[in-house]
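Below: the structure, in C-alpha cells.
When a ligand or atom number is given, it counts from 1 through the structure's own listing order. Values in this document were obtained by computation on a predicted structure and should not be read as measured data.
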Amino acid sequence: MIELRDVHKSFGKVEVLKGITASVARSEVVCIVGPSGSGKSTILRCINGLESYDRGEISVEGARVDSNDRSIVAIRTQVSMVFQRFNLFPHRTALENVIEGPLYVKKEPREQAIARGRTLLAQVGLADRAEVHPPKLSGGQQQRVAIARALAMQPKAILFDEPTSALDPELVGEVLSVMRKLADDGMTMVVVTHEMGFARDVADRVLFIDGGVIVEQGAAKSVLNQPQHPRTQDFLRRVL
Ligand code: ADP
Ligand code: MG
C-alpha cells in the first residue's frame, strides 16, 4: 500500500534521509524506532506530503506522492496522521473536532458526519464526551479524540508520530489499547514509538532507523529480541 524507494531529503546542507527504501502492505502494522533526530518524523511527513522529498519515490496505492502536486490533497485524505501533541481545536467540542474533516474537506452531509462521528467517539471509548471541549479532557482522552478524528476521514492508512510521548504514564495504556484494537480490525498503520512492548506485541515489522538510514528491519520479535546490528543492540539496551 505504501512504498518508499531510495528516498532522500535534506534540510539545507544536512541530509536527514539518506536513501530510505521500505514498504507497508495493506493491514500491516509497521513500527519505526530509533534515536531522536534520526529522521522518523520526516519519513511520516514525506509519506503524507506534509514535507517534500528531494530524490527517490514515495507512492500510496500506486499513486506518486508529490507535495507540489494538487493530488496531495487526495493523499492527505487517504493517509491520516496522529501527532504527539493532539492538535485539536480547543474551542470546538470533541464531536466538532471529529466531524471537521468530513464536513469541510469531504463535504459530507452534516447529519451523516455527526452520526459517524458519534460512532467513532464510542469506538474510542468517549461516547459520553462528545460535547466536551478538549481542554476539559485528559491527555489520553484528547489523543483518543485525535484518533477518532483521523478515522473520520476513512483513511486507507494512519501514521502515528509518537502518539503517547506527551502523555502522563498512567494515560499511555488507554491510547495504546485503542491503537491495538485498530490493528486487530485490520487498519494499515505506521507507528513511530518508543513503546517497545506495543511494538513487540502489535507490530508485524519493525524498522530501526539511525542517521537517516534503515539500519535493520524485520519481523518485530526478531528485531526487538535478537537485534543483529550493534547500533540496534545499543539503542534497545538504552530504551528497554
Ligand atoms: P526524529 O523524528 O527521528 O526525532 P526528525 O525527522 O524530526 O527526527 O528530524 C531529523 C533531522 O532533521 C533532525 O536533525 C532535525 O533537526 C532535522 N529537521 C527536521 N525538520 C526540520 C526542518 N523543518 N528544518 C530543518 N531541520 C529539520
Ligand atoms: Mg520525531
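Within ligand 1, the atoms closer than 4.0 Å to a non-hydrogen atom of S36 are 4 (O), numbered from 1 in the order shown. Contact atoms of ligand 1 toward P35: 3 (O) (distance under 4.0 Å to a heavy atom of the residue).
Remark: minimum distance from atom 7 (O) of ligand 1 to any protein heavy atom is reached at S41 CB, 3.7 Å. When hydrogens are left out, the protein atom nearest atom 4 (O) of ligand 1 is G37 N, 2.7 Å; that is the closest non-hydrogen contact. Ranking protein heavy atoms by distance to atom 8 (O) of ligand 1, first place goes to G39 N, 3.2 Å. Counting only heavy atoms of the protein, atom 23 (N) of ligand 1 lies nearest to F11 CE2, 3.5 Å. Atom 3 (O) of ligand 1 has as its closest protein heavy atom K40 NZ, 2.7 Å. In terms of protein heavy-atom proximity, atom 6 (O) of ligand 1 is closest to T42 OG1, 2.6 Å.
Note that CD1 of I58 and OG of S23 are 13.0 Å apart. Values are rounded to the nearest 0.5 Å.
For the side-chain contact (heavy atoms from CB on, under 4.5 Å) with F160, the qualifying choice from M179, M81, Q143 is M179, the only one to do so.
Electrostatic pairing of R231 and E216 does not count as a salt bridge here, judged by no charged N lying under 4.0 Å from a carboxylate O.
When distances to the Mg ion (ligand 2) are checked against a cut-off of 2.8 Å, S36 contributes no N, O or S atom below that limit.
There is no path of hydrophobic side-chain contacts, each under 4.5 Å, that joins F89 to V132.
Among pairs with a residue in residues 35-47, those fulfilling salt bridge (charged side-chain N to carboxylate O under 4.0 Å, His left out) read R45-E51, at least two apart in sequence or across chains.
A cation-pi arrangement is absent between K106 and Y104, since the terminal nitrogen or guanidinium carbon is not both under 6.0 Å from the aromatic centre and inside a 45° cone about the axis.
If you look at V16 next to ligand 1, the close heavy atoms, those under 4.0 Å, all belong to the side chain.
Between T188 and I158, every side-chain heavy-atom pair lies at or beyond the 4.5 Å cut-off.
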